[in-house]
Every structure is written in C-alpha cells, then in structure tokens.
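Okay, structure first, notes after.
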Protein chains: 2
Amino acid sequence: MLVQTSAPMHVGQHLFRVGDAFQAIYAVRSGYFKTYATDDTGREQVLGFHLPGELMGLGAIYPNQHQVNAVALDTATVCRLPYNDLAGLATQMPSLQRQLLRLMSKGITGSQALSGDFTAEERLAAFLMSLSQRLQQRGYSPTEFNLAMTRRDIANYLRLATETVSRTLAQFQDDGLLAVERRNLRLLDLERLGQLCHNVPQI
Amino acid sequence: MLVQTSAPMHVGQHLFRVGDAFQAIYAVRSGYFKTYATDDTGREQVLGFHLPGELMGLGAIYPNQHQVNAVALDTATVCRLPYNDLAGLATQMPSLQRQLLRLMSKGITGSQALSGDFTAEERLAAFLMSLSQRLQQRGYSPTEFNLAMTRRDIANYLRLATETVSRTLAQFQDDGLLAVERRNLRLLDLERLGQLCHNVPQI
DNA sequence: CGACAAGTTGAACTCTGTCAATCCGGGTGG
DNA sequence: CCACCCGGATTGACAGAGTTCAACTTGTCG
C-alpha cells in the first residue's frame with residue numbers, strides 16, 4: 001500500500017527528529033505540525049508550520065537523515081509515504097518527480113522571506129496571509145481558523161519577541177483588520193492585510 | 001579557447017543584466033563588481049561583491065537567464081568562460097562538476113548571513129573580515145585594501161542606513177580596530193574584529 | 001572655479017526588545 | 001466541587017539600537 005494513515009498523534013509528540021533515518025515523507029492529514037531546529041547554543045529555531053494537506057520531511061532526501069524536528073501542535077494525523085514507493089512511482093511519472101524536486105528545493109531552505117528587515121506589522125501580516133491562502137487552497141476557510149501554535153512559536157518563527165506579536169495582533173484588531181481571541185482568529189479585511197505585506201516575499 | 005579575457009570595463013558598466021541570455025560564467029581578473037537585483041518597487045538590493053579571482057553568473061545556469069545585474073565598481077577586467085566548453089569539461093571531470101554545483105547552490109541564494117538580527121557592529125565586522133579573508137585567499141593583503149564600493153552599497157548590502165555604516169566605521173576607528181580614510185582601509189586588529197563577529201555566519 | 005556626489009556628524013524620533021506585573025483558562029488535587 | 005497553580009497571553013514602562021532628517025564637509029571632475 002502506498003499510503004499509510006497513522007494513528008492520531010497528540011500535542012508535543014514528535015513525528016521525527018534530527019538524525020532519524022529517512023524512510024518516508026509525510027503528508028499532514030489533520031492538525032498542525034511545526035518543524036524546528038536547535039542551534040549550537042541550544043536555542044530552538046522554528047522553521048515552519050505544516051497545515052493539513054502539506055508535506056513534511058522532503059529535506060531529508062539527500063543526506064538520508066532528517067534535518068529538522070517535527071512535532072504535533074495539536075491532535076493530528078498524517079499519511080506516511082514510504083520513499084521507496086514514491087521514488088519508484090516518480091521514475092515512471094516525470095511530472096511527479098518534477099514536483100518533488102520543486103518542493104524539495106523550496107522546502108529545504110525554509111522561507112527566506114524573513115531574511116529582510118521587515119517590520120513586525122509586515123511579518124505578522126505576511127504570516128497570517130500565508131496561513132489564510134494555504135488553508136484556502138486546501139478547502140478550508142481563509143478567513144476563520146485556529147492558531148494552533150503559541151505566540152511564542154509565532155514570534156520565534158517571525159524573529160520577534162512574543163510581546164511584539166501580542167501587541168501587533170492587538171493593534172490589527174484595533175484597526176479592524178481581524179478579530180482574535182486566544183487561538184481563534186477571524187480575518188476581517190484581507191484586502192488591507194494584503195497591502196500591509198505587499199513587499200514581503202511570500203512566506 | 002576556453003578562457004577569454006575581456007577588454008577593461010569602467011565604473012558603472014554592466015557585465016550582464018537580469019534576463020540576459022546565459023552563455024558564459026565570468027571570473028573577475030581585476031577590479032571589483034557588485035551584483036544586485038531590483039525589487040518590484042524599483043528599489044535596488046545589493047546581493048554581493050565580487051573580488052578578483054571570484055566567479056559570477058553561476059545563478060543563471062538553471063533558468064538559462066541571468067537572475068541578477070552585475071556592474072563594475074571600478075576599472076575591471078574579467079575572464080569569460082563559455083558555458084558550453086565548461087559543461088563539456090565538467091562531464092569529463094566529476095570533481096569540476098561537483099565544485100560547480102556546490103558554488104551554484106551557495107552562490108544563487110546569496111549570503112543568508114544577513115538574515116538574522118545582528119547589530120550594525122556585527123554586520124560590518126563580518127563584512128570587513130569576509131573581504132579580508134577573501135583577498136588573502138587570492139594573494140592580496142588581508143589588512144590593507146580598497147573599499148571600491150560606496151558606503152551606500154555597503155549599507156544596502158548589510159541592510160543598514162549609510163549613516164550607520166559611517167558611524168560604525170568611525171567607532172571602529174576610535175576603538176583602534178582599523179584606520180579608514182575614504183575608500184582606503186587598514187585593518188589594525190583582526191583578532192578583535194573577528195571576535196566582534198564570531199556569532200555571525202560567514203558572509 | 002563651481003557643481004555635485006559621497007561622506008560625516010548631530011538631534012530627534014521610532015521601533016522593538018527586555019523587564020515586570022497582571023490576567024486568564026485549564027487541569028490537578030484536596 | 002472548588003481552590004489553587006501554572007503556562008500562555010496581555011499590558012505597561014523603559015531603554016537601546018538604528019533610522020530619518022537636516023546641515024555641513026570634502027573630494028572629484030567637468
């Protein structure tokens with residue numbers, strides 16, 4: 001069987017860790033994941049969030065070992081795609097192979113969008129728009145969704161202080177751009193939110 | 001002939017521009033170049049500086065079009081390495097091919113060293129140390145050289161304001177780290193300069 | 001010599017990080 | 001069942017780094 005659906009994972013459970021042997025790619029079926037690395041000083045660096053329908057583990061193909069840690073942010077399930085099967089299929093389907101390579105080269109590096117010197121507003125707006133668009137692509141509501149990750153994770157990912165994330169969200173709410181309550185988010189003005197981050201490369 | 005030496009180029013003259021058909025790689029023979037891109041709002045982003053002995057144009061191999069602009073910062077000459085010749089040679093020499101691929105993947109993205117949130121001190125120190133080391137590798141003095149690029153270019157590259165570059169250079173001078181007069185630079189304390197940027201990934 | 005670009009310097013201001021206090025919700029244990 | 005506790009989240013005060021604005025200097029090139 002090409003696709004294997006996993007048992008549900010719970011918050012904080014790791015799907016794979018740095019150094020694990022690479023055997024399969026994973027597609028998120030439900031729930032959220034985050035990927036992160038730990039730098040030489042022991043600090044965690046959040047590299048990305050993975051929504052239902054998205055792939056994880058592509059960065060491990062070349063060195064045959066996982067380069068990052070992947071952990072469930074809430075109750076989640078994944079589909080396991082054993083690499084051998086996938087690779088065999090890819091050789092027969094050039095389009096699949098091309099897509100895998102594209103995802104690889106994009107996925108390994110992580111978003112370079114956060115490299116520039118963007119303001120907290122720009123970063124957060126870009127982040128929210130990215131979530132919105134990715135959820136919409138998968139058939140979910142682009143305007144009302146759950147922030148499964150903590151403010152701390154968001155801040156780490158965007159390279160801000162958690163307080164700044166909190167404040168900027170509050171400011172967005174004051175400006176009528178969105179309504180936020182704990183983890184529940186409703187985007188009220190995608191138009192203006194998009195303008196805020198028009199010069200931030202796609203996250 | 002594999003290597004073609006160009007006629008001297010003068011300040012501001014472009015070696016290639018975004019969109020130019022990719023036909024050759026260039027090695028700087030003398031002088032300095034900078035590569036830059038222009039974002040959708042028309043602002044210039046300096047991507048790197050190229051010193052004698054270094055290669056340019058590798059990022060164009062895949063899409064077969066140049067991805068950046070390359071312009072001479074002073075009177076300069078280059079060696080033109082037609083890609084067909086090089087590619088033919090590479091197929092016969094796996095080591096050459098490997099080196100080209102490595103340079104490619106490193107060279108396209110540009111330095112991600114400037115991604116993090118580093119201080120102006122760290123950025124500038126890392127920049128100067130990078131120049132110093134690269135010049136030394138090519139047989140030039142690592143402690144006394146010419147800043148062919150303007151403060152504006154440096155600032156743009158390091159994502160600072162030109163005033164900050166100016167001030168930080170002045171501060172380094174006050175601290176006895178270097179002596180600078182216009183474009184002439186003398187590094188007086190490589191040790192401390194290196195310490196200043198020890199946690200900045202190599203530029 | 002004059003004009004202009006490059007570079008420097010000063011002052012005010014803005015943004016964001018840090019520190020600290022507080023709030024809130026969910027889970028635990030008595 | 002309720003009080004307590006704890007981590008996540010918010011809010012305020014403050015400080016430091018760096019940008020912006022503006023004035024001024026210096027060097028270069030016609």
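Reminder, nothing fancy here: chain letters follow the sequence lines and each chain counts from 1. Note: hydrogens, waters and symmetry copies are ignored here, and every other heavy atom, side chains too, is used. Only a predicted model underlies this, so the values are computations on that prediction, with no experimental measurement involved.
Looking at A:Arg183, its side chain does come within 3.5 Å of a backbone N or O of A:Ala148 through a donor-acceptor pair.
In this structure, B:Leu160 atom CG and D:dT20 atom P are separated by 11 Å, rounded to whole Å. As rounded to whole Å, 13 Å separates atom P of D:dC29 from atom CG of B:Asp74. Atom C1' of nucleotide C:dT16 and atom CD of A:Glu122 are separated by 14 Å, given to the nearest angstrom. Distance, B:Asp117 CG to C:dC15 P: 18 Å, rounded to whole Å. Between the CG atom of B:Leu124 and the C1' atom of D:dG18 there is a distance of 14 Å, rounded to whole Å. Between the P atom of D:dG18 and the CD atom of B:Gln171 lies a distance of 9 Å, rounded to the nearest Å. Regarding B:His10, its NE2 atom lies at a distance of 16 Å from the C1' atom of D:dC29, rounded to whole Å. In this structure, B:Glu121 atom CD and D:dG16 atom C1' are separated by 13 Å, rounded to whole Å.
Looking only at side-chain heavy atoms (C-beta outward), B:Thr168 and B:Glu122 stay at 4.5 Å or farther from each other. With a 4.5 Å cut-off on side-chain heavy atoms, B:Leu55 and B:Tyr26 do not count as touching. A heavy-atom distance below 4.5 Å is not found between the side chains of A:Leu51 and A:Tyr140.
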Under 4.0 Å protein heavy-atom contacts per nucleotide of nucleotides 5-14 of chain D, with B for base, S for backbone only and - for none: ---SSBBBB-
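Pairing each heavy atom of A:Tyr157 with each of A:Leu47, the nearest pair is CE1-O, 3.3 Å.
The aromatic ring centres of B:Tyr32 and B:Phe49 sit 6.0 Å or more apart.
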